[in-house]
Each structure stands twice: as C-alpha cells, then as structure tokens.
Undergrad: 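Dropping a structure here in structure tokens format, bear with me for questions.
Atoms within each ligand, like the ligands themselves, are counted from 1 in listed order.
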Amino acid sequence: MTGKSLLLKVILLGDGGVGKSSLMNRYVTNKFDSQAFHTIGVEFLNRDLEVDGRFVTLQIWDTAGQERFKSLRTPFYRGADCCLLTFSVDDRQSFENLGNWQKEFVYYADVKDPGHFPFVVLGNKIDKLERQVTTEEAQAWCLENGNYPYLETSAKDDTNVAVAFEEAVRQVLAVEEQLEHCMLGNTIDLHSSSKSGSSCC
Ligand SMILES: Nc1nc2c(ncn2[C@@H]2O[C@H](COP(=O)(O)OP(=O)(O)OP(=O)(O)O)[C@@H](O)[C@H]2O)c(=O)[nH]1
Ligand SMILES: [Mg+2]
C-alpha cells in the first residue's frame, strides 16, 4: 500500500423508502433485505477501497428519509465530503423532491460553495419494471442543477452499487485536486513579483 488512507464521509439523502439503507448494506455487507425497516435518525458503516491508486476509508452515513425524523438527521450533515442524492425510479415524488434534499443538505451542512460541492445522484430500484422516471429526465435534472454524475442502481440486484460509491470518491478526489492546484497557484502568486491572479477558485 502506498501513502496514507484517506477518510471520506459520504452521506445518503432521499425520501423514505427509496433504498438508501439497502444501498449501504449491499455495498458494505453484500446483503439485501426485502423487508427492511425505515431508518430512525442516522447509521453509518465503513468500507475500505482503492480508487485510481488512492486508498480510501469510506464512511457511509445513512439517514432517515421520513419527514418526521428531520431533526434527528440534519445535525449529521456537517463535515460530509460528498452527498448522494437518492430517489427511486418507480417513485416520481422521490425524484421531484431531489431539489429539496439538495437545499436541506446545503443549509444544514453549511456548504460555503454549493456550486463546487460534489453531489452524485442515484436512481435506485432499476430492477423494477414499472418506472415513473426515465433515464433522460434524471440526466436532464442533473445537468440543470449542477452537472452532477447520474447513476442508476439496484440494491436488490447489486447493479452499479460499487460503481456509485466509487464515483462519489472520484468526485471528492477531483475537488481536492482542484483545491490543491489552486493553493499551489496562490503560493506561486505570493512569491511572484507579477500581480496576475490565480486562474481558478
Ligand atoms: N426492488 C427493489 N427494492 C428495493 C431496492 N432497494 C431497496 N428496496 C426495498 O425498498 C424498501 C425500502 O428500502 P430502504 O433501504 O429501507 O429505504 P430507505 O431509503 O433506507 O428508507 P428510510 O430509512 O425510511 O429513509 C425495502 O423494502 C427494500 O427491500 C432495489 O434496488 N430494488
Ligand atoms: Mg433507511
């Protein structure tokens, strides 16, 4: 193993019943429960992985989507490195609520620069035959709301679950690299006699 393992906190948000707990459990324990209970508050599980040569410990925070548990989940948003906005492709309302979840996260996590925060959107339950949201609609929402990556998953069939969490890591690493690049730019600026500003951030 080269270098230190990076601890990243990712948080799963979305309406009750879209499959957040099922995605986390599929990814970490490779199990699926067709009779899963609603989450109360938050739970988290860790999994180590390697993405593009970087060793990462992913701390996955699974939150309660039901409105009545709002005050129990929001205190845990702070410090998240990535937010997975989740809906279910067989539940139109859960898709229409994505914007509310995004706003709730930005507010309670106190995100200073929402335009550069790594969100990833997941359309879960693609094993279901009766869809209420098309792939194209979901892609269009992602494009309009911040050009977020969109992945379609099935916790039941284990479709794209690992890919989704790896994409979350890639998004965080990309933002981190951008920041490092900017800081390097600023360091050079401080020692430079020219007054030209940094080209990023
Ligand atoms: N067919 C199918 N069912 C799924 C899938 N993912 C989850 N489910 C089922 O959907 C129901 C709700 O799943 P949960 O994982 O508990 O949903 P949640 O988003 O954690 O819900 P809250 O904890 O209330 O916020 C359960 O009965 C799961 O078995 C999937 O990919 N396909
Ligand atoms: Mg849950």
Undergrad: Is the closest side-chain donor-acceptor distance between Asn97 and Gln93 under 3.5 Å?
TA: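 Per modelled atom types, Asn97 and Gln93 side chains form a pair under 3.5 Å.
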Undergrad: Tell me whether the centres of the aromatic rings in Phe119 and Phe117 are closer together than 6.0 Å.
TA: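 Ring-ring flag for Phe119/Phe117: true, centres closer than 6.0 Å.
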Undergrad: At under 4.0 Å between heavy atoms, is it the side chain or the backbone of Val18 that contacts ligand 1, or both, or neither?
TA: both
Undergrad: Polar-atom distance check: Gly65 versus ligand 1, any N or O pair below 3.5 Å?
TA: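 Yes - when backbone and side-chain N and O of Gly65 are compared with those of ligand 1, one distance drops under 3.5 Å.
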Undergrad: For atom 1 (N) of ligand 1, what's the nearest protein heavy atom and its distance?
TA: Asp127 OD2, 2.8 Å
Undergrad: Distance to 0.1 Å, residue and atom name: give those for the protein heavy atom nearest to atom 21 (O) of ligand 1.
TA: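 So the nearest neighbour among protein heavy atoms is Gly17 N, 2.8 Å.
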Undergrad: Checking Tyr148 against Gln102: is there a side-chain donor and acceptor pair closer than 3.5 Å?
TA: yes
Undergrad: Give a yes or no on whether Ser22 keeps an N, O or S atom under 2.8 Å from the Mg ion (ligand 2).
TA: no
Undergrad: Distance alone, cut at 3.5 Å: any donor-acceptor contact between the side chains of Thr135 and Glu152?
TA: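 Checked: Thr135/Glu152 side chains pair up, N/O donor to acceptor below 3.5 Å.
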Undergrad: Taking atom types as modelled, is there a side-chain donor on Thr153 or Asn160 under 3.5 Å from an acceptor on the other?
TA: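 Asn160 and Thr153 do not have a side-chain donor-acceptor pair below 3.5 Å.
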Undergrad: What is the closest protein heavy atom to atom 29 (O) of ligand 1, and at what distance does it sit?
TA: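 Result for atom 29 (O) of ligand 1: Asp33 O, 2.8 Å.
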Undergrad: Between Asn25 and Phe32 (side chain of the first, backbone of the second, donor and acceptor by atom type, cut-off under 3.5 Å), is there such a pair?
TA: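 Side chain of Asn25 to backbone of Phe32, a donor-acceptor pair under 3.5 Å: no, none is there.
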Undergrad: For atom 16 (O) of ligand 1, what's the nearest protein heavy atom and its distance?
TA: Ala36 CB, 3.6 Å
Undergrad: Which heavy atom of Ser94 sits nearest a heavy atom of Asp15, and at what distance?
TA: CA-OD2, 3.3 Å
Undergrad: Would Phe32 count as a contact residue for ligand 1, given that I'm defining contact as a non-hydrogen atom of the residue lying under 4.0 Å from a ligand atom?
TA: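 It does; at least one heavy atom falls under 4.0 Å.
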Undergrad: So which protein heavy atom does atom 10 (O) of ligand 1 come closest to, and at what separation?
TA: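 Answer for atom 10 (O) of ligand 1: Lys125 NZ, 3.0 Å.
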Undergrad: Output the list of atoms in ligand 1 that are nearer than 4.0 Å to some heavy atom of Lys128, sorted by atom number.
TA: 1 (N)
Undergrad: Tell me: protein heavy atom nearest atom 15 (O) of ligand 1, and distance?
TA: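 Closest protein heavy atom to atom 15 (O) of ligand 1: Ser22 OG, 2.6 Å.
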Undergrad: Name the closest protein heavy atom to atom 6 (N) of ligand 1, giving the residue it belongs to and the distance to 0.1 Å.
TA: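 Ranking protein heavy atoms by distance from atom 6 (N) of ligand 1, first comes Asn124 ND2, 3.2 Å.
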Undergrad: Could you check which of Lys20, Arg26, Lys156 puts a non-hydrogen atom nearest to atom 25 (O) of ligand 1?
TA: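 Selected option, by shortest heavy-atom distance: Lys20.
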Undergrad: Which atoms from ligand 1 have a heavy atom of Thr39 less than 4.0 Å away?
TA: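 Listed by number with element: 22 (P), 23 (O), 24 (O).
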Undergrad: Kindly confirm or rule out a cation-pi arrangement of Arg47 over Tyr27, judged by NZ or CZ under 6.0 Å from the six-membered ring centre and within 45° of its axis?
TA: yes
Undergrad: Report whether any nitrogen, oxygen or sulfur of Thr63 sits less than 2.8 Å from the Mg ion (ligand 2) (N, O or S, backbone or side chain).
TA: no
Undergrad: Does a donor on one side chain sit under 3.5 Å from an acceptor on the other, for Thr86 and Asn124?
TA: no
Undergrad: Any idea which part of Ala64 is under 4.0 Å from ligand 1, heavy-atom wise: side chain, backbone, both or neither?
TA: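 Within the 4.0 Å criterion, Ala64 contacts ligand 1 through backbone atoms alone.
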Undergrad: Is there a donor in the side chain of Asp90 and an acceptor in the side chain of Ser88, or the other way round, less than 3.5 Å apart?
TA: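 Yes, a side-chain donor-acceptor pair sits under 3.5 Å.
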Undergrad: Among side-chain atoms of Gln139 and Trp141, is any donor-acceptor pair under 3.5 angstrom?
TA: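 Judged by distance alone, the side chains do not pair up.
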Undergrad: Can you pull out the closest protein heavy atom to atom 24 (O) of ligand 1? Residue, atom name and distance to 0.1 Å, please.
TA: His38 ND1, 2.4 Å
